[in-house]
Amino acid sequence: MKVSIIIPCYNEEEMISLYYKEMKKVMNKMKKVEFELIFINDGSTDKTLDILRDLSKNKDVRYISFSRNFGKEAGIYAGLKYATGDYVGLMDVDLQDPPEMLIEMYNILEEKEYDCVATRRVSREGEPPIRSFFARMYYKIINKISKTEIVDGARDFRLMTRQMVDSILEVTEYNRFSKGIFSWVGYKTKWLEYKNVERAAGTSKWSFWKLFLYSLDSITAFSTVPLSIAAIFGVLFCLVAFVIIIFIIVRTLIFGDPTSGWPSMACIMFLIGGVQLLCTGIIGQYLSKTYLEVKNRPVYIVKETEKDLKNK
Ligand code: UDP
Ligand code: MG
């Protein structure tokens, strides 16, 4: 039995050896399983690559180094492509995903009832309250407007069967939102819950703004409901306009036509103009995603792997 673990790393020089030490403890407890740790160097600007080159002397370590920073989603995709295990797992390098849980995850998959064991955190301790608030709002909205379920608090930490991984690899879209893709491919997932653990060292790579943009990306990737907004507004405004027209005709017939009411006219123009721009903007979002998709650029570019190092 072979288990591949994919670990995206971006400027994580402090964490890699700490992580490997913790993983080693778990791997020693699972003697029957052959492990393959695939580290993805996502264009780090610190010593991450040097540390990985060094670490890959261990035969359970492999690495893939990108030509620049392509983002965690690209890292996950590359890892899934390179993984050769019967089970494939995803983990962050910052030890926010407790390695000991892998034992339980592995045992559950071995019972052959589930195709995937995933984790979700039940608490958001150590996170600013505003961020938690927006996160909760986001999950509410996306689950209303998307047919694919996006589980609140789901982490990327999970272990999947080869069959499920192959299905995920068939989803070749450029704008990748893994949480959605994992759910979209279906299969039976068992959810394990755990408390939020804070990062062991280094800093989070996600700012509030980055998370916000990421959430917008996920909406365009998994829902087309915003596109209907223009149509809904259109119908609504037509109805309102119809009522107003009748009102004005009747009023003019009864009271004549003194010139007044330009402020209300200006307000209406602004309102309708605003709504039109909003709708054009939404269409623009989808158009830009389509544009990127049509260009068909590779999701990531590999500059070096552990094999190149051995050939040198
Ligand atoms: N990461 C990556 N590429 C990026 C940003 C992050 O590979 O552009 C990796 C990072 O090294 C870590 C994981 O993704 O292993 C999660 O990142 P982080 O801990 O910063 O996110 P958070 O836990 O705060 O959501
Ligand atoms: Mg983290």
Side-chain angles (χ1 to χ4, degrees), residues 4-23 37-52 55 61-83 89-99 101-102 118-132 134-136 138-139 150-158 174-179 182 194-215 217-218 299-305:
S4 309
I5 305 286
I6 299 160
I7 311 124
C9 305
Y10 176 50
N11 291 344
E12 301 278 8
E13 55 183 6
E14 299 161 75
M15 278 312 307
I16 292 170
S17 47
L18 264 172
Y19 169 83
Y20 188 64
K21 222 173 77 196
E22 289 297 315
M23 266 311 279
L37 302 183
I38 307 178
F39 290 87
I40 322 287
N41 172 35
D42 186 12
S44 302
T45 48
D46 63 359
K47 295 200 187 66
T48 299
L49 181 59
D50 295 325
I51 297 171
L52 288 180
L55 200 67
V61 174
R62 297 176 60 196
Y63 74 88
I64 304 167
S65 183
F66 287 174
S67 59
R68 64 168 170 86
N69 179 258
F70 279 89
K72 187 181 176 187
E73 291 291 343
I76 293 175
Y77 185 53
L80 290 174
K81 269 197 163 168
Y82 276 72
L90 292 181
M91 265 175 114
D92 284 359
V93 74
D94 56 9
L95 291 176
Q96 282 187 304
D97 304 329
M101 280 181 82
L102 275 175
T119 55
R120 56 186 291 253
R121 48 179 188 178
V122 280
S123 68
R124 288 182 168 273
E125 277 155 37
E127 199 183 59
I130 304 182
R131 197 153 159 173
S132 306
F134 276 106
R136 251 179 247 125
Y138 161 74
Y139 282 110
I150 315 284
V151 176
D152 187 359
R155 304 262 322 162
D156 286 329
F157 184 29
R158 53 171 61 228
Y174 180 82
N175 299 289
R176 300 188 75 78
F177 179 64
S178 292
K179 268 188 199 138
F182 294 149
Y194 71 104
K195 278 212 163 134
N196 193 24
V197 188
E198 281 189 46
R199 199 176 231 287
T203 49
S204 171
K205 309 293 176 296
W206 292 92
S207 62
F208 186 80
W209 182 240
K210 257 181 147 178
L211 273 177
F212 178 71
L213 293 180
Y214 186 58
S215 68
D217 281 351
S218 72
V299 178
Y300 60 87
I301 290 170
V302 175
K303 189 175 171 207
E304 177 187 325
T305 68

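Only a predicted model underlies this, so the values are computations on that prediction, with no experimental measurement involved. We count ligands from 1, going down the list as the structure has it; atoms in each ligand are counted the same way.
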- Query: Is the closest N or O pair between Asn69 and ligand 1 shorter than 3.5 Å?
  - Reply: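 Yes - when backbone and side-chain N and O of Asn69 are compared with those of ligand 1, one distance drops under 3.5 Å.
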- Query: Can you find a side-chain donor-acceptor pair between Thr48 and Glu13 that sits under 3.5 Å?
  - Reply: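 No, no side-chain donor-acceptor pair sits under 3.5 Å.
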In the protein, what heavy atom is nearest to [atom], and what distance, to one decimal place, separates them?
atom                    : value
atom 18 (P) of ligand 1 : Arg199 NH2, 3.5 Å
atom 14 (O) of ligand 1 : Lys72 CD, 3.2 Å
atom 6 (C) of ligand 1  : Lys205 CG, 3.7 Å
atom 12 (C) of ligand 1 : Glu12 OE2, 3.5 Å
atom 7 (O) of ligand 1  : Pro8 CB, 3.3 Å
atom 23 (O) of ligand 1 : Gln96 OE1, 2.6 Å
atom 1 (N) of ligand 1  : Tyr10 CB, 3.8 Å
atom 24 (O) of ligand 1 : Ser204 OG, 2.6 Å

- Could you tell me whether Arg68 sits above the aromatic face of Phe70, with NZ or CZ closer than 6.0 angstrom to the six-membered ring centre and within 45 degrees of the axis?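 Because its charged atom sits under 6.0 Å from the ring centre and within 45° of the axis, Arg68 does stack over Phe70.
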- Between Val93 and ligand 1, find which residue part has any heavy-atom pair under 4.0 Å and reply side chain, backbone, both or neither.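 For Val93, the contact with ligand 1 is made by both the backbone and the side chain.
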- Heavy atoms only: which of Trp206, Phe70, Tyr19, Phe39 is nearest to atom 25 (O) of ligand 1?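 Selected option, by shortest heavy-atom distance: Trp206.
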- Does even one non-hydrogen atom of Cys9 get within less than 4.0 Å of ligand 1?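 The answer is yes: ligand 1 sits under 4.0 Å from a heavy atom of Cys9.
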- Ring centres of Tyr214 and Phe177 under 6.0 Å apart?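 Tyr214 vs Phe177: aromatic centres under 6.0 Å.
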- Give a yes or no on whether the ring-centroid distance for Phe134 and Phe208 is below 6.0 angstrom.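 Between Phe134 and Phe208, the centre distance is under 6.0 Å.
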- Item | Asn69 side-chain N/O to Asp42 backbone N/O, donor-acceptor pair under 3.5 Å |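 Such a contact is found between Asn69 side chain and Asp42 backbone.
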- Does some side-chain heavy atom of Arg62 sit less than 4.5 Å from a side-chain heavy atom of Phe39?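 The answer is no; the side chains never approach within 4.5 Å.
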- Message: Are Trp206 and Arg131 packed together at the side-chain level, in the sense that at least one heavy-atom pair is separated by less than 4.5 angstrom?
- Response: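 Yes, at least one pair of side-chain atoms sits under 4.5 Å.
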- With 2.8 Å as the limit, jot down which protein N, O or S atoms are around the Mg ion (ligand 2).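 Short answer, with waters excluded from the count: Asp94 OD2, Gln96 OE1.
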- Item | Pairwise distance CD1(Ile7) to OH(Tyr19) - rounded to 0.5 angstrom |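 Those atoms lie 3.5 Å apart.
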- Starting at CD1 of Ile6, measure out to OH of Tyr82 and round the result to the nearest 0.5 Å.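 Result: 12.0 Å between the selected atoms.
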- Query: Going by the atom numbers of ligand 1, which of them fall below 4.0 Å from some non-hydrogen atom of Gly71?
  - Reply: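 Here the atoms of ligand 1 in question are 3 (N), 8 (O).
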- Query: Between Met23 and Leu37, does a side-chain contact (heavy atoms from CB on, under 4.5 Å) hold up when you go through it step by step?
  - Reply: CA-CA 9 Å; Met23 266 311 279; Leu37 302 183; 3.9 Å; yes
- Item | Pair Asp97 + Arg155, salt bridge at N-O below 4.0 Å |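 Here Asp97 pairs with Arg155 in a salt bridge, since their nearest N and O are under 4.0 Å apart.
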- Query: Do NZ/NE/NH1/NH2 and the carboxylate oxygens of Lys72 and Asp92 come within less than 4.0 Å?
  - Reply: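 Counted as a salt bridge, because a side-chain N and a carboxylate O are separated by less than 4.0 Å.
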